[in-house]
Colleague: 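Quick one: the structure is below, questions incoming.
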Amino acid sequence: MYPPGLQPSLPGYIARSHPLRPVPYDVANAAADADIPLPPGSEDLPLVYLTMGTVFNDASTLREIVAALAALNVRLLATVGPMGNPADLGAQPPNVQVERYVGQTLVLPLCEVVISHGGSGTMLQTLALGLPQLCLPRAADQFLNAAAIARAGAGLALVPAEAGGKAIAAAATRLLDEPSFRECAMRQGEEIALMPGPEDVAAVLEGLT
């Protein structure tokens with residue numbers, strides 16, 4: 001499901017592989033007229049989306065990240081996950097909106113930068129749209145995803161020991177100000193668009209003997 005530019009080397013015991021274009025799970029439920037709870041403020045300000053998924057979204061972690069990003073000249077939309085409580089992050093300035101959940105299929109096309117834990121779903125969905133991203137990995141494949149994004153020039157990565165508020169704000173500023181990140185992300189997005197979809201891959205699997 002990774003584009004060719006990010007595809008890791010496969011172990012020798014895998015004799016054959018086939019690409020599959022990543023498809024967001026919420027596409028079928030995304031209503032074009034859905035009300036997206038965007039932060040108030042001028043639409044001239046870039047929209048930054050922050051999510052740490054459903055596991056590593058504790059209030060203390062999010063509170064530090066939100067505070068760092070809120071000081072930038074951006075509109076920030078942050079989600080705390082379905083089990084989280086936006087109130088746990090405290091009062092926010094006018095350029096910040098905190099929600100439990102928003103449909104990423106609807107909100108990502110409106111964003112300039114995405115900041116996440118680097119989970120495969122969010123990472124690939126962001127990349128497919130050619131958006132630069134900051135990965136803050138915490139576990140599992142997130143470290144591999146973050147390293148691949150940084151290596152491709154499509155974003156930046158900060159491991160936990162590096163991910164203080166100042167470093168996160170500086171990284172977000174670079175992603176907003178330096179066009180090369182978006183250019184690299186767009187190239188990866190173009191590769192994803194050329195990958196076969198689920199129906200195509202299903203036909204290949206049906207033809208195997």
Colleague: Shortest non-hydrogen contact from A70 to P93?
Modeller: CB-CG, 3.9 Å

Colleague: Can you name the residues that form a side chain to side chain donor-acceptor pair (under 3.5 Å) with S120, not counting sequence neighbours?
Modeller: Y2, D141, N145

Colleague: Measuring from atom CG of L144 to atom CG of L6, what distance do you get when rounded to the nearest 0.5 angstrom?
Modeller: 11.0 Å

Colleague: Side chains of T105 and Q125: is there a donor and an acceptor less than 3.5 Å apart?
Modeller: yes

Colleague: Please name all residues satisfying side chain to side chain contact (heavy atoms under 4.5 Å, CB included) with P11, sequence neighbours left out, ordered by chain then number.
Modeller: Y13, I14

Colleague: Which heavy-atom pair separates A157 from E162 by the least distance, and what is that distance?
Modeller: O-OE1, 4.1 Å

Colleague: Any idea which heavy atoms bring G153 and C184 closest together, and the distance?
Modeller: O-CB, 3.3 Å

Colleague: In terms of hydrophobic clustering (I, L, V, M, F, W, Y; side-chain heavy atoms under 4.5 Å; direct or indirect links), are M52 and M123 co-clustered?
Modeller: no

Colleague: Rounded at 0.5 Å granularity, tell me how far OG1 in T61 sits from CZ in R138.
Modeller: 5.5 Å

Colleague: Roughly how far, to the nearest 0.5 Å, is CG of N95 from CG of L72?
Modeller: 9.0 Å

Colleague: Side chain to side chain donor-acceptor pair (under 3.5 Å) with S60: which residues, sequence neighbours excluded?
Modeller: D58

Colleague: Check the pair I115 / Q133 against side-chain contact (heavy atoms from CB on, under 4.5 Å), numbers first and verdict last.
Modeller: CA-CA 6 Å; I115 300 172; Q133 57 187 297; over 6 Å; no

Colleague: Strictly distance-based, threshold 3.5 Å: is any side-chain N or O of R187 a donor or acceptor partner for the main-chain N or O of A152?
Modeller: no

Colleague: Going only through I, L, V, M, F, W and Y residues with side-chain contacts under 4.5 Å, is there a path from V96 to L62?
Modeller: yes

Colleague: Has Q188 got a side-chain atom pairing as donor or acceptor with A185's backbone, closer than 3.5 angstrom?
Modeller: no

Colleague: State yes or no: do V107 and V114 share one hydrophobic cluster built from I, L, V, M, F, W and Y residues joined by side-chain heavy-atom distances below 4.5 Å, directly or via other members?
Modeller: yes

Colleague: Using a 4.5 Å cut-off on heavy atoms from C-beta on, say whether the side chain of Q97 contacts that of P40.
Modeller: yes

Colleague: Can you tell me how far apart CG (L69) and CG (L50) are? Round to the nearest 0.5 Å.
Modeller: 6.5 Å

Colleague: Can you list every pair that meets salt bridge (charged side-chain N to carboxylate O under 4.0 Å, His left out) and has a residue in residues 92-117, with sequence neighbours left out?
Modeller: E112-R182

Colleague: Once rounded to the nearest 0.5 Å, what's the spacing between atom CG of L127 and atom CE of M186?
Modeller: 11.5 Å

Colleague: Determine yes or no for a side-chain-to-main-chain donor-acceptor pair under 3.5 angstrom, with D177 supplying the side chain and R174 the backbone.
Modeller: no

Colleague: Would you call V48 and C111 a side-chain contact if the rule is heavy atoms closer than 4.5 Å?
Modeller: no

Colleague: Considering only heavy atoms from C-beta outward, does the side chain of Y101 approach that of T79 to under 4.5 Å?
Modeller: no

Colleague: To check you understand the geometry: which heavy-atom pair defines the closest contact between M195 and P3, and what is its length?
Modeller: SD-CA, 3.8 Å

Colleague: Evaluate whether atom CG of N85 has more than 12 neighbouring non-hydrogen atoms of other residues, nucleotides or ligands under 6.0 angstrom away.
Modeller: yes

Colleague: Once side chain to side chain contact (heavy atoms under 4.5 Å, CB included) is applied, do any residues pair with A128, and if so which ones, sequence neighbours excluded?
Modeller: I192

Colleague: Over all heavy atoms of both residues, which pair between G165 and E64 is shortest? Give the atoms and the distance, please.
Modeller: N-OE2, 3.3 Å

Colleague: How many angstroms lie between atom CD1 of I65 and atom CG of L136, to the nearest 0.5 angstrom?
Modeller: 5.0 Å

Colleague: Applying side chain to side chain contact (heavy atoms under 4.5 Å, CB included), can you list everything that pairs with M1, at least two apart in sequence or on another chain?
Modeller: L20, P22, L124

Colleague: If we check side chain to side chain contact (heavy atoms under 4.5 Å, CB included) with Y49, which of these qualifies: T126, L38, V102, L131?
Modeller: V102

Colleague: Kindly give the heavy-atom pair with the smallest separation between A171 and L158, and that separation in Å.
Modeller: CB-CD1, 4.3 Å

Colleague: Do the side chains of L129 and L175 join up, straight or via other hydrophobic residues, at under 4.5 Å, putting them in one cluster?
Modeller: no

Colleague: If hydrophobic clusters are built from ILVMFWY residues whose side chains come within less than 4.5 Å, do I168 and I149 share one?
Modeller: no

Colleague: Can you confirm whether L194 sits close enough to R21 that some side-chain heavy atom of one is under 4.5 Å from a side-chain heavy atom of the other?
Modeller: no

Colleague: Is a side-chain donor or acceptor of Q92 paired with a backbone partner of L89 at a separation under 3.5 angstrom?
Modeller: yes

